[in-house]
Number of protein chains: 2
Amino acid sequence: MPAKAAYPDDILRMAATLYYVDGLGQTEVAKLVRVSQTKISRLLAAALERGIVRINVEEYHARHDKLEHQLCSRFGLRSAAVIKTARNAGAEAARQTVGHFGAPFVASVFPKSGVVAVGGGRSVAEVVQRFRRGESRRLTVVQAMGSIDSNLSHVDALELGRAMVKLWGGEFLTLSTPAFVSDKKTRDFFLASQQIKFVWQRLRQADAAIVGVGPLDLSVYLERGVLGAADVAHLRGCGAVGEICGRFFDAKGRECASRWRDRVISIELELLKKIPQVIGVAAGPERAPALAGALRGGLLKSLLIDEALAQALLA
Amino acid sequence: MPAKAAYPDDILRMAATLYYVDGLGQTEVAKLVRVSQTKISRLLAAALERGIVRINVEEYHARHDKLEHQLCSRFGLRSAAVIKTARNAGAEAARQTVGHFGAPFVASVFPKSGVVAVGGGRSVAEVVQRFRRGESRRLTVVQAMGSIDSNLSHVDALELGRAMVKLWGGEFLTLSTPAFVSDKKTRDFFLASQQIKFVWQRLRQADAAIVGVGPLDLSVYLERGVLGAADVAHLRGCGAVGEICGRFFDAKGRECASRWRDRVISIELELLKKIPQVIGVAAGPERAPALAGALRGGLLKSLLIDEALAQALLA
DNA sequence: CGTTTATGCGGATAAATATTCTAGTGACAA
DNA sequence: TTGTCACTAGAATATTTATCCGCATAAACG
């Protein structure tokens with residue numbers, strides 16, 4: 001099993017003892033072993049690798065079991081992960097924490113083989129970035145929404161899908177389109193294309209999906225300048241409370257009949273609803289109204305959110 | 001038991017998990033927990049302290065059991081510690097290693113209460129510096145030789161004795177004299193003083209002693225200019241092979257009748273011989289002749305030496 | 001209550017550790 | 001022999017971590 005015997009265990013034990021047990025610095029250890037500090041650093045790494053040094057950390061329960069159960073029963077979910085976050089955490093920190101501790105949850109919920117649809121968004125990106133190479137999967141990953149604007153961002157579904165197949169293998173079906181086009185005609189033109197039809201066909205067979213759930217205000221679209229203040233006002237007028245894959249919905253989770261509806265290229269909410277496992281990811285209590293709407297509409301089957309948001313949802 | 005609840009265990013577990021298990025840097029952890037990196041550093045230290053994080057190192061056997069047994073039976077010793085050292089270790093490194101791993105041995109061999117004589121020397125200093133505060137002892141520490149020259153060095157018996165009582169408590173009897181004086185008359189004058197007589201009385205009651213064993217060449221005395229080349233030649237002429245507490249002895253461990261003998265203020269070898277537990281400390285194979293002489297003369301009851309020296313002794 | 005004395009925080013910075021880069025060494029083939 | 005590859009080591013350097021210090025808030029005291 002040890003590919004290279006490199007250095008005898010005895011030396012590693014000695015160095016590790018001097019360093020970890022007796023608390024000497026690497027430089028001091030180096031003097032005793034008569035090698036460079038550089039080498040001690042490498043020796044210690046090897047000792048950790050070989051198990052001569054083992055570091056045990058009391059298990060940390062990142063998830064809030066009680067809130068998860070309440071959410072599941074209250075909203076009839078298949079599963080939920082509520083991640084504990086620092087009380088005063090900012091939006092970015094919360095997303096990262098949710099991503100970090102949520103990634104294993106999502107990975108466990110995803111099928112080992114089959115079709116998986118991915119949306120974009122910052123929260124989803126934080127999750128996807130942290131997937132670990134596990135037992136190999138045989139997934140067909142499908143991009144569920146176009147790219148938000150022309151400079152490709154690492155939170156676009158295109159990037160996230162690419163990252164997933166790079167890590168887990170499998171094939172990735174891309175939607176080579178923007179998320180928003182100027183009018184219905186253009187949209188219909190795209191949808192009529194052979195490639196897109198093929199992608200949609202696969203979306204209909206999806207076994208699972210992971211999507212971000214955005215609020216109306218503070219949405220990435222507003223931030224990125226895709227949406228203007230006037231647009232937001234219009235959407236609010238249509239009853240919109242939140243967004244999934246660029247599609248806005250009202251408090252009951254019904255897609256709003258806004259003028260944006262005809263300009264978006266992404267999975268329809270009605271189609272999403274039919275996917276047996278849809279994981280909604282979000283962080284921050286200000287997203288509670290959006291989440292509540294999505295849940296009422298049955299758009300999501302599972303949740304990955306932070307504690308504050310969970311509490312807001314249950315209140 | 002926890003004097004201060006400071007931070008909830010949960011946070012510590014989270015930080016420790018992120019750092020040790022997930023391999024994030026402290027800066028990254030800090031972002032998620034929303035505190036400064038500084039604090040994470042302290043949190044991690046606290047986690048280690050509280051036992052939330054435990055680091056296990058496979059036990060390292062610093063001592064060479066087989067050589068120890070051979071030495072004990074060959075030379076009729078009460079005990080011996082042979083410390084493994086790096087094959088190419090220099091003299092300094094060997095001494096430090098012997099001191100480091102030998103200190104617990106010496107501490108275990110020392111009585112919990114009683115009178116202990118201490119000699120000077122670099123090897124002894126390395127040992128004494130590394131004693132740990134254990135169960136409290138009730139020792140009377142007695143300086144067994146004067147200071148080598150006027151600028152007090154941290155390897156002088158005076159300093160070593162001081163360090164021992166500082167750590168373990170107890171009283172320290174000092175010999176406020178140099179190790180070497182100009183002639184016999186001066187020496188006798190010192191010895192006749194009340195204070196020194198008192199110290200000698202205690203030395204006669206000593207339950208244990210720790211002394212360095214020096215070679216003839218390369219001795220600290222030569223190095224410090226106390227002895228000149230001519231003196232070394234003279235001593236060699238008298239059959240000297242080594243030195244303990246400034247007293248030179250021949251291959252059979254008998255004190256040499258050199259002109260130095262009358263000028264030294266330190267425990268007589270004959271007196272040393274009567275102490276029930278005398279630990280000789282030395283490092284480096286070039287000291288084998290000195291050690292061999294001391295052992296033949298029955299000057300030592302226990303040994304603390306490095307591997308190379310042990311092998312040289314047995315050869 | 002106002003004042004003084006602890007305690008805890010994070011920014012700046014010193015110290016320690018990890019990584020990069022280059023040179024040296026030995027194995028092997030030509 | 002000589003060149004090349006594969007590898008290891010340590011010096012230089014970048015990065016990360018620990019410590020020092022002043023400030024602010026909280027506790028203790030008059």
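Labels below follow one simple rule: chain letters A, B, ... track the order of the sequence lines, proteins then strands, and each chain is numbered from 1.
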- Task: Measure the distance from NZ on B/Lys39 to P on D/dT19 and round it to the nearest whole Å.
- Result: 16 Å
- Message: In this structure, how many angstroms lie between the P atom of D/dT17 and the CG atom of B/Leu43, rounded?
- Response: 14 Å
- Message: How many whole angstroms separate atom CD1 of A/Ile40 from atom P of C/dT19?
- Response: 16 Å
- Query: How do A/Leu24 and A/Arg42 order along DNA chain C: which one's closest nucleotide is nearer the 5' end?
  - Reply: A/Leu24
- Check: A/Glu159 side chain, A/Asp156 main-chain N or O, donor-acceptor pair, under 3.5 Å: no
- Query: Under 30°, 30 to 60°, or over 60°: which ring-plane class applies to A/Phe110 and A/Phe131, parallel, tilted or perpendicular?
  - Reply: tilted
- The side chain of A/Ser41 lies closest to which of these nucleotides: D/dA11, C/dA18, D/dA18? C/dA18
- Proximal nucleotide (of D/dG10, D/dT19, C/dT17) relative to the A/Gln26 side chain: C/dT17
- Among C/dT17, D/dT17, C/dG10, the one nearest B/Tyr19 by side-chain distance: D/dT17
- Item | Atom-to-atom span, CG of B/Leu48 to P of D/dT17 - whole angstrom | 15 Å
- Task: Can you check whether any acceptor in the base of C/dA16 is under 3.5 Å from a donor in the side chain of A/Gln37, or vice versa?
- Result: no
- B/Met164 side, atom CE; B/Gln129 side, atom CD - distance, nearest 0.5 Å: 13.0 Å
- Note on the structure: Smallest heavy-atom separation, A/Ser123 atom then A/Ala283 atom, equals OG-N, 4.3 Å
- Message: Rounding to an integer number of Å, can you tell me how far A/Tyr20 OH sits from C/dT17 P?
- Response: 10 Å
